[in-house]
Every structure is written in C-alpha cells, then in structure tokens.
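None of the values given here were measured: they were computed from a predicted structure.
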Amino acid sequence: MAAAPGGSAPPAGPGPRLAFSTADSGVGMSGLNPGPAVPMKDHDAIKLFVGQIPRGLDEQDLKPLFEEFGRIYELTVLKDRLTGLHKGCAFLTYCARDSALKAQSALHEQKTLPGMNRPIQVKPAASEGRGEDRKLFVGMLGKQQGEEDVRRLFQPFGHIEECTVLRSPDGTSKGCAFVKFGSQGEAQAAIQGLHGSRTMSGASSSLVVKLADTDRERALRRMQQMAGQLGAFHPTPLPLGACGAYTTAILQHQAALLAAAQGPGLGQVAAVAAQMQHVAAFSLVAAPLLPTAANTSPGGSGPGALPGLPAPMGVNGFGSLTPQTNGQPGSDTLYNNGLSPYPAQSPGVADPLQQAYAGIQHYAGPEGCNLFIYHLPQEFGDAELIQTFLPFGAVVSAKVFVDRATNQSKCFGFVSFDNPTSAQTAIQAMNGFQIGMKRLKVQLKRPKDANRPY
DNA sequence: TTGGATT
C-alpha cells in the first residue's frame, strides 16, 4: 500500500525489524511490543514520512524522539528491499491525527539529527496522497441529492475537506459528486463502507464510490471521448460476423419499404434505404483510418504524441478519405455525415470535427435531433446502433445503455443526429422495425426537463 | 423504458 518516496518500500509483513506494528504487537515476536493495549489508530490518522535519519538509528532509538507528541501506532524504518540496508528514512503513524500534526510542526526542518547535514523531514507520506488518493468519485446519486445529503452520507468516515455535486449548466445534478477526505484511510473506509451499499432513490443502480480519476486518467478519458466522437463520424467497422445478421435484416426491411413506398412521405425513406448498401463498403473504407492507438500515421505522429491533440491524426485521416468519397457515386448523403473534409452542415450547426477537436462533448444534438430507442436486441452495442442509424443522416452520437454491474445492455439507447429531419426520417424508417421477437421503438428523446412541473 | 456521470 505505502510505497517509499524512492519507489521501494520494505515488505510490510512481520519481520524482526518491524518494531511497533500493531499487527505484530500481539504476537510478541519482536519483543518490542509497546504496551499492554494494542494501539488503535484513528480513522483520520496520517502516515508521516520521516527523512534525514542517521543510518545508525533503528526504531527503538527513534521512538523516544517521536513519542513526546503522542502515542505511536506504527514506526517503520525503511530498508532496501534487497540489501536490507537502512535507507535513512521511516514511516511513522500516530494513533491520533493531531499527534502527527504536532510532530510535523515541531520537527519538520526544525532540528538536525547527529551526523546529518540536513534537517529532519517530517511530513505526510507520499502515499497519503496530496489529493487524488483521498478524493472520491461518487456515482449513482439521486438527482435531487445536494452537497448536504452527500456530506451526511460520508461524514461517518472522516473529515470531509470538499464536497461537490456535479451539475449541468442548468443546475440539475448529474447524479455524481466528488468528496475529498482528510486522509487516504478515510477515503478507503468510505469506499468500503458505502460502495454498492445502497441504492439512492431515483438512481438506476447501487451507489458507486471509488477513487476519482487522476489527472492522467482524466486526460485519457478525454482522449477516449474524442475517439468515440470521431468513431461516430467514422462508424466503427465491425468484424463481419458481429452485426451482419442485423445489417442484413435491416437491408431486407429497407427493401420492403422501397417496394411499398408510395406516399410522398416515404419517398425520402426509400431514397435513404437505397443507400443502405453503401454502409458496408463505407466501413471497409474507414477501417484503416480509425484513430486507434495502433494507427500510427505516416507523418510519424504516433500514440506517443497523444497529448498533442488529434490534429495530425485527424488531418491525415480525413485527408486520405477524400479520394474514397470521390470514388463513390451516389453516396453524397452518406458521406456528408461529417465525414467529408467539406461536410454539408445544417445551418447553425458547428462542424462536428471542430467540436471534437475542441474537446466539446455533445452527447445530444439540438432539440428534435435526439432519438430514444427501446427494445434493442440484447447484443446490440454502440457500433450496431451507429450502423443502423447512419443511413438517415449525420450521427453525432450513439449510445447503448449498459448495466455497469453486469455489463449487459439494458436494451435501450440514444442516437443523435445533427438535424431534426434526419431524426424524423429515422423514426419513420425504424420505429416498429422487427428484430427477432421485438419491435424497435424509435421516438424523440424526452427533453431533460420533461415531466418536471413548472 | 429516456444519457453510467470525472471538478
């Protein structure tokens, strides 16, 4: 759990050099049992790193120096893993948080131990985490739960330094929060005590309590989101077997529509259906252009250049797509789905590529552009959803809702287009479309504030 | 049966 700042910590197990560990104190093997009672550590205790210790001093020698600030829970001199040599530093945990704070202010850089030429260091160990290790992400909150509710929930586990419920610009909760505790131990206790422990009212599954993303993870997440967006513009080519059956079924459905097309309202649907067959061809074209980590562009900007943002990747990718689009007669609508370097945009809709480049999230298009699809086959994923709806217009996003616990589709999802006409066309074509025993239900997504009394 | 979210 606790790594030495230098990167190597001694094994935490019982050993002759482990002096004041509670784990050992009852065993009596070291003979250094500090007292009759097994010390208990407060849940908000802080593990301290102690540096600039003379190599000649072991736990027993150090104990008196630190004991004057409070009862010691654990004191461990760090040894080299291989040689067993004293590394000149130690980890120190007092039973009480307060003792640690007192020791830190009294000793840190305040005195120099004999034989050392730099003053002693006493500060929270790196493992205590300056931030991320004590900060929790809390998911599956009820939308009506505010900071106070979250605080009440987490209070029993320690001192809460920060508590923020994430909200959309309009102020509605996103159903998640950040909670920062005073120590890593408290944060861990809260995870243990709360994760999955209950389901908040209005939440679709049990409470999620986990360590918040580190900066690095956040960056990665942003990259993935961006890749996902590009993926929606370049529909993910599936291994042929993965959705072939569905694609075939859809093509048959479209063919039937074509044959039946009579009224003026269906003309558009039929025209779109006629383009369905290009989907497969398109996927093959797009395959080598997908922004996967393995796809190192000829210009040499590989995955190593990730933080540099997708410009080189995007430029190369879309640039090389151009000849292909030109070579596909009769596929204007298809290739105008934000894929061409010169997309035909609806008025007032920003270039999706630029939005992706800017890292803007837009799960949903404008009002009237977002579909809610229910009765999806269990095995339908995002990719199948994209493929199914791509023919009707520029798909801005497609998401199948998945139960996190089981990883199973909840059999509904969302598809967003960049314009309402595409959405209507898709409803016309796909609502009621039969797959297996089920019929797809395709309708406009309910706006966020629907059902809300005014 | 209406976006599982990361300051």
Sugar-phosphate, base or nothing in reach of Glu217(A), heavy atoms under 4.0 Å: nothing

Atom-pair distance (CZ on Phe181(A); P on dT7(B)), nearest Å: 20 Å

Ring pair (Phe, Tyr, Trp, His ring centres under 6.0 Å) evaluation trace for Phe157(A) with Phe181(A): CA-CA 9 Å; Phe157(A) 298 94; Phe181(A) 275 105; 7.1 Å; no

Value in whole Å for how far the P atom of dA5(B) lies from NZ of Lys174(A): 10 Å

Minimum-distance nucleotide (side-chain atoms of His375(A) versus dT2(B), dT1(B), dT6(B)): dT1(B)

Comparing Gln443(A) and Ala212(A) on DNA chain B - which has the more 5′ nearest nucleotide: Gln443(A)

Sugar-phosphate only, base, or nothing, as touched by Ser204(A) at under 4.0 Å among non-hydrogen atoms: base

From dA5(B), dT7(B), dG3(B), nucleotide with atom closest to Ser416(A) side chain: dG3(B)

Nearest-nucleotide pick for Tyr374(A), side chain only, options being dT2(B), dT1(B), dA5(B): dT1(B)

Minimum-distance nucleotide to Phe137(A) side chain [options: dG3(B), dT7(B), dA5(B)]: dA5(B)

Shortest non-hydrogen contact between Phe412(A) and Ser409(A), atoms and distance: N-OG, 4.5 Å

Nearest to side-chain heavy atoms of Ser397(A), which nucleotide of dT6(B), dG3(B), dA5(B): dG3(B)

Side chain of Lys135(A) (C-beta onward), nearest among dT7(B), dA5(B), dT2(B): dT7(B)

Distance in angstrom units between Arg439(A) CZ and dT1(B) C1', rounded: 18 Å

Rounded interatomic separation in angstrom, taking NZ from Lys441(A) and C1' from dT2(B): 11 Å

Sequence neighbours excluded - salt bridge (Lys or Arg N to Asp or Glu O under 4.0 Å) pairs with any residue from residues 159-169 of chain A: Arg134(A)-Glu161(A), Glu147(A)-Arg167(A), Glu162(A)-Lys180(A)

Lys210(A), nearest nucleotide to its side chain (from dT6(B), dT1(B), dT2(B)): dT6(B)

Minimum-distance nucleotide to Phe178(A) side chain [options: dT1(B), dT2(B), dT7(B)]: dT7(B)

Between P of dT1(B) and CG of Asn431(A), the distance in whole Å: 19 Å

Along DNA chain B (nearest heavy atom to each residue), the more 5'-positioned of Leu444(A) and Gly139(A): Leu444(A)

Heavy-atom pair of closest approach, residues Arg97(A) and Ile46(A): NH1-CG1, 3.6 Å

Sole residue of Lys135(A), Arg218(A), Arg221(A) in side-chain hydrogen bond (donor to acceptor under 3.5 Å, both in side chains) with Asp213(A): Arg221(A)

Nucleotide dA5(B), atom C1' - distance to CG of Asp170(A) in whole Å: 14 Å

N/O donor-acceptor pair, side chain Arg221(A) with base dT6(B), under 3.5 angstrom: yes

Sugar-phosphate, base or nothing in reach of Val208(A), heavy atoms under 4.0 Å: base

Ile373(A) CD1 - dT2(B) P separation (whole Å): 14 Å

Phosphate OP1/OP2 of dA5(B) contacted by Arg404(A) side-chain N/O (<4.0 Å): yes

Value in whole Å for how far the C1' atom of dG3(B) lies from NZ of Lys445(A): 6 Å

Whether Gln434(A) side chain and Gly436(A) backbone form a donor-acceptor pair below 3.5 Å: yes

